[in-house]
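Take a look at the structure set out below.
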Amino acid sequence: MSVVCRPARAQDLELADRLVVSSINDLTERHGFGPMAVCSPPKFQLFSLKDDADGLWVAEEGERILGFAWSWVCGDMWFLAQLFVSPDHQGRSVGNELIRRTLEHADKSGASNKVLITFSFNTVSQGLYIRHGLLPRFPIYSVSASQEQLIGKLHGSRYDVTPLKEEALTLRRLAQADERVLGVSRVKHHRYLINEGGARGFNLHDGNDWAGYAYVDAGGHIGPLAVMEPHAVAPALRTALHLAAESGSSQVSAFLPGTGEAALNVAMEHGMRIKFPMLLMSSREFGNWAQYLPRNPGFM
């Protein structure tokens, strides 16, 4: 029976998430990091499907899903959120066919920059992406600390916070921050996070000035976070660490770009440790990553 690639449907997304989790854990266990991924409701995948169905594809054989690809577009940036093939069906060119479909999505969108985040130890995938014009740019580190350890080390200046709300002024500020640090507006993704993304969003206030934003979820994970000025990175991350420690989660975590000296220093000062390394790849350099913390490898 031959493998068929077709557009994903809403009812495919839970099965696709299980495949992705299984594929990630197979990879991380083989490289000595142990299992890292767990299944969760595919809310952002469903949001992306409704927003732009051309970005989600499945590869199936009979009734079984063997591979899944998911990409989204904001402005002139196309982002490959996931591309995974079941471990027992790798080497059958399923990945090549899926990436062909996703790159057709990028071309159709007119995006001038193609971006993704992958595991830095996944050299096979990196070679595939390099052949398609996406080059390694910098590492991104997953860092974490226990709540107990973190609370004893919280110190230094922090910002005042107010909840993010879906209102005109807030959305303008969020768009301005993202355009400054990433080069594109992500208002549709902020609407998703504020309304259904499972995270609390906060305005960061430096006196009367709006310094940026931060999200913290119930599991103590920070991100995305963006600030308007370089000097705001350290107090913004301290603020987010304080909010995450208050969330009740036993762990606090974040993704820190390797180009962000201030954020890395704050994390290390507060006893956070690197869990595993990832890598940002893109078709051209972009953004000011010293002022941005991604949410995860699928959201960016």
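None of these values were measured; they are calculated from a predicted model. Values reported hereafter were calculated over all heavy atoms of this structure, with side chains retained and with hydrogens, waters and symmetry mates removed.
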* So, for His105 and Trp57, is the gap between ring centers shorter than 6.0 Å? -> no

* To do: Can you label the angle between the Phe121 ring and the Phe33 ring as parallel, tilted or perpendicular, going by 30° and 60°?
  => parallel

* To do: Indicate the ring-plane relationship of Phe47 and Tyr192, choosing parallel, tilted or perpendicular according to the 30° and 60° boundaries.
  => tilted

* Asked: Regarding Arg186 and the six-membered ring of Phe299, is the cationic atom NZ or CZ under 6.0 Å from the ring centre and inside 45° of its axis?
  -> yes

* Side-chain heavy atoms of Trp289 within contact of Phe138, under 4.5 Å -> yes

* Asked: Can you tell if the side chain of Ser2 reaches within under 4.5 Å of the side chain of Glu61, non-hydrogen atoms only?
  -> no

* To do: In plain terms, say whether Asp206 and Arg158 are close enough for a salt bridge, that is, a side-chain N and a carboxylate O under 4.0 Å apart.
  => no

* So, Lys108 and Asp54, do they make that salt bridge, N to O below 4.0 Å? -> yes

* Smallest separation among heavy atoms of Gly220 and Ala244, with atom names -> O-CB, 3.7 Å

* Asked: Any luck finding a side-chain donor-acceptor pair between Arg137 and Thr259 under 3.5 Å?
  -> no

* Donor + acceptor pair across side chains of Tyr159, His242 (<3.5 Å) -> no

Nearest 0.5 Å please: distance from the [atom1] atom of [X] over to the [atom2] atom of [Y].
X: Leu83; Y: Leu98; atom1: CG; atom2: CG; result: 5.5 Å
X: Leu150; Y: Glu246; atom1: CG; atom2: CD; result: 11.0 Å
X: Leu169; Y: Trp210; atom1: CG; atom2: CH2; result: 9.0 Å
X: Ser48; Y: Phe79; atom1: OG; atom2: CZ; result: 11.0 Å

* Asked: Are the side chain of Ser86 and the backbone N or O of Leu66 linked by a donor-acceptor pair below 3.5 Å?
  -> no

* For Glu285, does the CD atom sit with more than 12 other heavy atoms under 6.0 Å from it, leaving out its own atoms? -> no

All N/O donor-acceptor pairs, side-chain side in residues 260-270, below 3.5 Å, sequence neighbours left out:
from, atom 1, to, atom 2, distance (Å)
Asn265, ND2, Glu261, O, 3.3
His270, ND1, Val266, O, 2.8
His270, NE2, Lys153, O, 3.4

